[in-house]
Every structure is written in C-alpha cells, then in structure tokens.
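FYI, side chains are in, hydrogens and waters are out, and symmetry mates aren't considered; it's all heavy atoms of this structure. Read the numbers this way: they start at 1 and go in the same order the structure lists the ligands and their atoms.
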Amino acid sequence: MRLSFCAVLWLGLLLGQRSAYALLEVFQVYQPVPDAGTGNDQCAGVELVLVDHDFGYSYGLPYVNFYEPPPCTFDTVRINLTVTSMGRQYDRLAILYLGDVEIWRTSTAEPTSNGIAWTYVKDMSQFNALWKEKQKIIFDLGNIITDVYTGYYNTTLTAYFSYESNVKTPDAILPISARRSAQNSSSDFEFPSENTTVLHQIPSNTTRAVVSIAATGQSTEEFWWSNVFTSDSWSFNNTIGELYGYTPFREIQLYIDGLLAGVVWPFPIIFTGGVAPGFWRPIVGIDAFDLRQPEIDITPWLSMLLDNETHSFEIRITGLDVAEDGTVTFSNTVGSYWVVTGTIFLYMGESAQRYSPSFVPKITAPPPKFTATRDLLQNVSGDNETLTYSITAERTYTVQSFDYAWSQNLSYSNYGILNSQGLSQSNLQHTSGRNQLTGGKSPNEVAFDYPLVCNQTYNLDDGLSISAWLRRGLDIEATGGLGISTYTLTSGALDLHTEQQGTAFYQSTSEDSVSYGETKDVFDSNASGVSYSRKVHAVNSSVVYDSDSRH
Ligand SMILES: *[C@@H]1O[C@H](CO)[C@@H](O)[C@H](O)[C@H]1NC(C)=O
Ligand SMILES: *[C@@H]1O[C@H](CO)[C@@H](O)[C@H](O)[C@H]1NC(C)=O
Ligand SMILES: *[C@@H]1O[C@H](CO)[C@@H](O)[C@H](O)[C@H]1NC(C)=O
Ligand SMILES: *[C@@H]1O[C@H](CO)[C@@H](O)[C@H](O)[C@H]1NC(C)=O
Ligand SMILES: *[C@@H]1O[C@H](CO)[C@@H](O)[C@H](O)[C@H]1NC(C)=O
Ligand SMILES: *[C@@H]1O[C@H](CO)[C@@H](O)[C@H](O)[C@H]1NC(C)=O
Ligand SMILES: *[C@@H]1O[C@H](CO)[C@@H](O)[C@H](O)[C@H]1NC(C)=O
Ligand SMILES: *[C@@H]1O[C@H](CO)[C@@H](O)[C@H](O)[C@H]1NC(C)=O
Ligand SMILES: *[C@@H]1O[C@H](CO)[C@@H](O)[C@H](O)[C@H]1NC(C)=O
Ligand SMILES: *[C@@H]1O[C@H](CO)[C@@H](O)[C@H](O)[C@H]1NC(C)=O
Ligand SMILES: *[C@@H]1O[C@H](CO)[C@@H](O)[C@H](O)[C@H]1NC(C)=O
Ligand SMILES: *[C@@H]1O[C@H](CO)[C@@H](O)[C@H](O)[C@H]1NC(C)=O
C-alpha cells in the first residue's frame with residue numbers, strides 16, 4: 001500500500017530452531033481434500049505431471065505444456081501443487097489455465113534464505129468437461145530474479161484421476177477471458193486498461209448456467225480495503241506520499257448484453273507480503289493459496305440467451321467518488337489494476353426450455369444506498385494530522401424469468417482512521433450478504449460475512465519499521481447447488497467459520513532487516529457433511545500449537 005508492502009521482505013533470520021537444510025513448511029489452513037479413491041476403477045492410481053518448472057525469469061513467460069486425457073474413465077480430478085523456494089522474493093500471483101479458461105488462482109509464499117516448501121491439494125472435477133479433451137496447459141507465475149530478489153519458485157503440479165464422485169459437473173465451459181492461449185500467453189484481463197467484453201453463443205439445450213468471477217486487486221488496488229477518498233490522496237504527502245483513491249469500497253459487476261446480471265463485493269484477500277510479512281509465516285492468509293471465485297447464477301437469463309445468437313459478457317470493477325457535499329456515486333473505474341477473468345459453466349439437458357425469442361428477464365436493481373463521512377484535522381501548526389473517513393453501502397438485486405429468480409442482498413461498511421500525520425492507519429471493514437436462487441430443481445442459497453480490522457503503524461526515523469495487528473474472518477453458509485462451487489469449494493452444503501488474528505513487526509535499516517510475528521488461526525468447517533476443525537498458533541515462524549496432530 002502506502003510504502004508498497006510488497007517491498008517488505010523477510011531475511012529468514014529467525015530459523016534458528018531448524019536445521020540449516022530443512023525447508024520450512026508453510027501452509028494454508030483448509031479442509032483436507034479426500035485422498036484419491038483406492039477403489040479398483042481403471043483410473044485409480046493414474047497421475048500426470050502437468051507442470052515441472054522452476055519459475056525464475058518468468059514475467060510474461062508462462063509455462064506451457066500439452067495435456068492428453070488418460071485412457072480410462074474418470075469423473076474426479078485432483079491436483080497437488082508443490083513448490084520450493086529459497087532466497088528472497090516477492091509474493092506472486094499465479095493462474096492455471098486449460099486453454100483460455102482459468103481453472104485456478106493461487107499465490108506464492110515469500111521464501112527465506114534457508115528455504116521454504118508448501119503443498120496445496122485441490123479438487124478440480126468441476127472442469128471435467130475440459131479434462132476430457134486435449135488441452136494446452138498454461139501456468140502463469142510471473143517471477144523476476146535480480147541480485148536482490150533471488151528466489152525461484154520451483155514448482156511441481158500433478159493431477160490425479162479416479163472414478164468415484166457421482167457429482168454432476170458442467171457439460172460445457174466458456175471463458176470470459178482475453179483468450180490468448182494460442183499465443184502461449186496468460187488470458188487474464190487487466191482492468192481498467194483492457195476491455196473485458198467477450199461474445200458467446202449459448203447452446204440451445206442449456207438448462208442451467210453459472211458464471212464464476214476471478215478478480216484480484218494488484219499494485220495501487222492490492223489493499224483496496226484501506227484506500228481513501230480520491231480527494232484525500234495527497235493529505236499526508238510529506239510523511240508517507242500518495243494514498244490510493246476511489247474509497248475502500250469495490251464492486252465487481254457482470255453485464256450481459258449491457259444489462260447488470262449481478263455483482264460481487266470482494267473478500268479482502270491478503271497475500272504473504274501483505275501488511276507485514278511476519279503474520280504469514282508459516283501460516284499464510286485465508287485463501288492465499290486458493291482464491292475463491294464467487295458465482296453469479298445466470299439461469300434466469302437463459303430465456304434471452306438461447307436464441308442461437310451471440311451475446312456479450314463483460315466484467316467491470318468500480319470504486320466510489322465522493323463529492324464535496326458527501327454525495328456518493330460509482331467511479332465506474334478503479335486504480336491500476338485488477339487481474340480479471342470469468343468462467344461460464346453450462347449444464348445441458350434433453351428438454352431445454354422453450355422461450356419466446358429473446359425474452360429479457362425482469363431486473364430489479366434499485367440504486368445502492370451509500371453514506372460517506374470524512375474529517376481531516378490539522379495540528380496547531382496547520383499541518384494535516386488526522387483523517388477519519390467511512391463508507392457504508394447496501395444493495396439488493398433481483399433478476400427473474402419464467403422459472404428462476406436470482407437475488408442478492410449485500411451490506412458493507414468501512415471505518416478508516418489515519419493519525420500521526422498518516423503514519424498510523426486502521427480500517428474496520430465488514431462485508432456480508434446473501435445470494436439466493438429460487439425455482440427449478442436445485443434452489444441454492446449462499447450467505448457470507450467478511451470482517452476485517454487492521455492497524456498498521458510506520459516509523460521512518462531509522463530506515464523503516466512497521467508494527468501491525470489484525471483480526472479477520474471468513475464465514476460462509478451455503479445449501480449447495482449444482483456441481484462443485486468455485487466459491488464454497490464443495491458440491492454440497494457448507495458451513496464455514498475461519499478466523500485469523502495476530503501481531504507483526506518488521507524493521508529494515510540500511511544493514512539489516514528483522515521480522516517477527518504471531519498468528520492464531522481457527523478453522524471450523526462442515527463441507528458436504530464432512531466436518532473438520534483446526535486451531536493453530538504460530539510464533540516467529542514456528543508452530544507452537546496445532547490441534548491437528550497429523551501436521
Ligand atoms: C504432493 O506432491 C508432492 C511431490 O510433488 C509429494 O511429495 C506429496 O506427498 C504430495 N502430497 C499429497 C497430499 O498428495
Ligand atoms: C530452484 O531452481 C533453481 C533453478 O533451477 C535452482 O538453482 C535452485 O537450487 C532451486 N531451489 C530450490 C529451493 O529447490
Ligand atoms: C507454445 O508452446 C509450445 C510448447 O512449449 C510450443 O511447442 C509452441 O511452439 C509455442 N507456440 C507459440 C505460438 O509460441
Ligand atoms: C468493449 O468492446 C465491446 C465489444 O467489442 C464494445 O461494444 C464496447 O464499446 C467496448 N467498451 C469500451 C469501454 O471500449
Ligand atoms: C492537507 O490535506 C489536503 C487535502 O487532502 C491537501 O490538499 C493539502 O495539500 C494537505 N496539506 C499538506 C501540507 O500536506
Ligand atoms: C508530493 O511530494 C512530492 C515530493 O515529495 C512532490 O514532488 C509532489 O509534487 C507532491 N504532490 C502533491 C500533489 O502535493
Ligand atoms: C445457429 O447458428 C449457427 C451459426 O452461428 C447456424 O449454423 C445454425 O444453423 C443455427 N441453428 C439454428 C437452430 O438456427
Ligand atoms: C446439447 O446439444 C449439443 C449440440 O449443440 C450436443 O452435443 C449435446 O449432446 C447436447 N447435450 C445434452 C445433454 O443433450
Ligand atoms: C504538525 O505536523 C507537521 C507535519 O507533519 C510537523 O512537521 C509539525 O511538527 C507538527 N506540529 C506539531 C505542533 O505537532
Ligand atoms: C436484506 O438483509 C437485511 C438484513 O438481513 C434484511 O433486513 C432485509 O430485509 C433484506 N432485504 C431484502 C430485500 O431481502
Ligand atoms: C493503531 O494501534 C496503535 C497501538 O494499539 C495505536 O496507538 C494507534 O493509534 C492505532 N492507529 C490508529 C490509526 O487507530
Ligand atoms: C455437518 O452437516 C450435516 C448436514 O450437511 C449435518 O447432518 C451434520 O450434523 C453436521 N456435522 C456437524 C459435526 O456439525
């Protein structure tokens with residue numbers, strides 16, 4: 001953010017307890033994915049190495065490989081990403097594609113001089129329609145090696161196949177992406193610099209359709225939840241430089257033929273260099289290895305999409321503009337930049353609905369309700385001392401067709417303070433909402449809650465030091481819909497509560513840098529009837545308590 005937290009690196013000075021040769025195991029706390037079936041199906045035990053590559057000078061040069069489906073019947077595909085890294089390096093965003101379709105978004109942990117390793121296992125069966133065909137695999141992990149940033153990301157990605165699940169998965173999958181796989185390139189859109197509009201013809205026997213949205217803020221938008229009103233960007237220029245604008249509110253919008261089809265109020269993801277790196281070693285932030293992709297059910301739109309014509313799909317991201325009199329409007333753009341794709345999942349049936357041609361569903365989207373407050377106080381010498389600001393937002397949206405209705409009810413607030421001439425900042429943010437599909441054979445409801453409080457204080461007297469504390473959570477309650485949700489990561493009901501809290505300290509001087517941190521992580525989940533709980537407490541790179549004895 002202000003001082004580019006990504007530049008905050010850890011030198012690995014605190015690994016004294018470990019042998020010099022053991023790689024520190026970093027991990028995300030998540031519900032373990034069941035082992036591949038040990039049944040005697042043809043595919044049991046079949047594994048393919050999809051990626052085996054050391055990502056060094058890989059910026060704009062993704063790894064490209066060809067995939068051929070194994071010659072056996074499978075309905076379940078799991079992947080295992082295992083990475084080692086040694087030296088210094090930034091955290092990096094990485095995206096896995098099958099052709100032009102993004103199938104997974106992850107990020108890397110920051111290495112130490114003695115080295116780190118991590119593994120993440122994920123069910124990828126939602127993409128069976130693609131796994132059944134030959135594909136070009138593209139894994140984009142843009143890394144840069146220099147004299148200072150020496151860490152490679154040495155990566156192995158293995159896929160395991162089996163026949164076991166019986167979960168219905170989509171019959172066809174279409175990308176809302178830049179579709180650059182033919183040029184061996186990553187297909188993400190960069191927003192706002194690129195136009196995200198794509199055209200698709202939807203097969204006429206489609207009976208259900210869902211769009212998943214992958215959107216990640218980077219650079220001036222990485223810490224969007226701590227951004228200020230644009231008019232305050234220069235309030236503390238003398239102490240901390242530019243503050244990024246468009247307020248701390250973001251909305252990601254999906255448009256079909258120029259009509260709003262639903263919105264996403266994003267989860268405040270924090271990567272492993274975020275705020276202060278001491279929070280995130282060895283426990284990385286919530287979802288850092290598996291960025292959930294929220295879903296917008298577009299089944300009510302099928303009435304106008306099944307006319308054998310092409311229709312446009314577009315993803316936009318907006319922050320807010322706040323006028324001097326406090327009036328709040330969408331900015332219809334954001335700072336640079338967001339990494340964006342969408343995926344359209346289509347389920348087909350024998351007897352597709354027959355609609356009068358091009359019936360436009362009924363959309364009820366009243367303007368969101370916003371409030372904004374802002375106060376800038378000067379010290380006795382007339383210099384800016386304290387900025388307080390807040391945004392609240394509420395919105396409902398419903399789209400309704402003959403058989404289906406999809407509705408959203410969203411609520412957001414953020415209270416920010418910068419004091420000490422901007423050297424200390426705290427934000428208290430809360431996003432919650434409920435999305436509901438009614439009608440048809442598989443109604444579905446997803447409710448979520450994302451609380452976050454983060455306080456960070458800078459000292460620039462001797463180099464840079466940061467002391468920070470935070471507490472954050474992710475709660476999801478979902479009834480389970482069709483297929484494996486790219487958001488709940490399961491096919492059935494989900495009841496998830498997870499929380500992280502911690503303190504971290506970082507100091508760098510011309511000679512040295514040190515980092516400390518303490519993080520407590522609580523995870524309680526019941527996914528498709530399987531429950532899993534874990535509590536972990538880590539202090540200065542060591543796990544001091546872990547309720548899961550398998551680790
Ligand atoms: C994941 O793959 C690595 C090797 O790439 C292997 O050592 C590890 O055992 C695998 N883990 C799981 C859970 O499959
Ligand atoms: C990663 O790969 C690089 C380049 O191939 C190699 O020099 C380095 O030793 C490897 N690092 C680890 C931690 O395996
Ligand atoms: C794309 O990558 C593949 C595999 O490395 C290579 O065979 C092919 O020539 C490349 N195509 C282009 C257009 O660069
Ligand atoms: C984006 O592209 C679409 C289709 O090509 C076009 O209709 C639209 O005007 C473009 N939008 C912008 C903002 O340039
Ligand atoms: C104080 O803040 C205002 C509003 O952001 C800004 O225009 C002004 O330049 C700031 N003053 C100083 C001395 O930085
Ligand atoms: C911010 O400060 C820099 C130098 O520190 C100066 O060049 C720039 O003009 C200032 N910007 C504003 C808008 O005050
Ligand atoms: C649908 O459109 C395609 C061309 O895009 C055409 O070949 C096909 O005959 C059309 N199908 C029907 C049922 O009209
Ligand atoms: C849907 O129609 C396509 C042709 O457009 C056909 O290939 C596919 O088998 C049909 N799927 C179902 C489930 O009927
Ligand atoms: C007011 O703020 C300015 C700029 O940050 C600082 O130089 C000055 O010492 C402060 N004055 C007092 C009385 O704290
Ligand atoms: C949205 O949720 C709030 C809080 O749960 C509730 O009071 C309100 O009635 C809901 N609005 C709609 C339109 O569903
Ligand atoms: C952040 O926390 C510190 C210590 O708890 C406190 O002194 C400081 O005022 C807080 N900063 C803000 C902006 O609230
Ligand atoms: C997990 O959820 C299922 C329903 O999906 C419920 O029957 C079961 O009691 C739950 N288990 C626990 C431990 O809460």
Are the charged groups of Arg180 and Glu102 less than 4.0 angstrom apart, N to O?
no
Atoms in ligand 11 flagged as close to Trp469, the criterion being non-hydrogen separation under 4.0 Å
2 (O), 5 (O)
I need the atoms of ligand 11 closer than 4.0 Å to a non-hydrogen atom of Gln425, numbered in the order shown.
13 (C)
Walk me through it: do Phe313 and Leu305 pass the test side chain to side chain contact (heavy atoms under 4.5 Å, CB included)?
CA-CA 11 Å; Phe313 294 82; Leu305 297 176; 4.3 Å; yes
Do side-chain atoms of Glu221 reach the backbone of Gly335 as a donor and acceptor pair under 3.5 angstrom?
yes
Within the 4.5 Å heavy-atom criterion, are Glu394 and Ser411 side-chain neighbours or not?
yes
Please round to the nearest 0.5 Å and tell me the distance separating atom CG of Leu418 and atom OH of Tyr389.
6.0 Å
Quick test of your reading of the structure: of Thr207, Asn205, Asn308, whose heavy atom lies closest to atom 2 (O) of ligand 8?
Asn205
Would atom 4 (C) of ligand 6 count as contacted, meaning some protein heavy atom under 4.0 Å?
no
Give me the nearest non-hydrogen protein atom to atom 1 (C) of ligand 11 as residue plus atom name, then the distance to 0.1 Å.
Asn455 ND2, 1.5 Å
Atoms of ligand 11 close to Ser424 [distance to a heavy atom under 4.0 angstrom, numbered from 1]
1 (C), 8 (C), 10 (C), 11 (N), 12 (C), 13 (C)
Centroid separation Phe359 to Phe402 less than 6.0 Å
yes
Hey, does Asn419 come in under 3.5 Å of ligand 11, counting only N/O atoms on both sides?
yes
Please state whether the rings of Phe161 and Trp131 are parallel, tilted or perpendicular, taking 30° and 60° as the class boundaries.
perpendicular
Determine, counting only non-hydrogen atoms of the protein, whether one lies under 4.0 angstrom from atom 11 (N) of ligand 11.
yes
What protein heavy atom lies closest to atom 6 (C) of ligand 6? Include the residue and the distance to one decimal.
Asn237 ND2, 4.1 Å
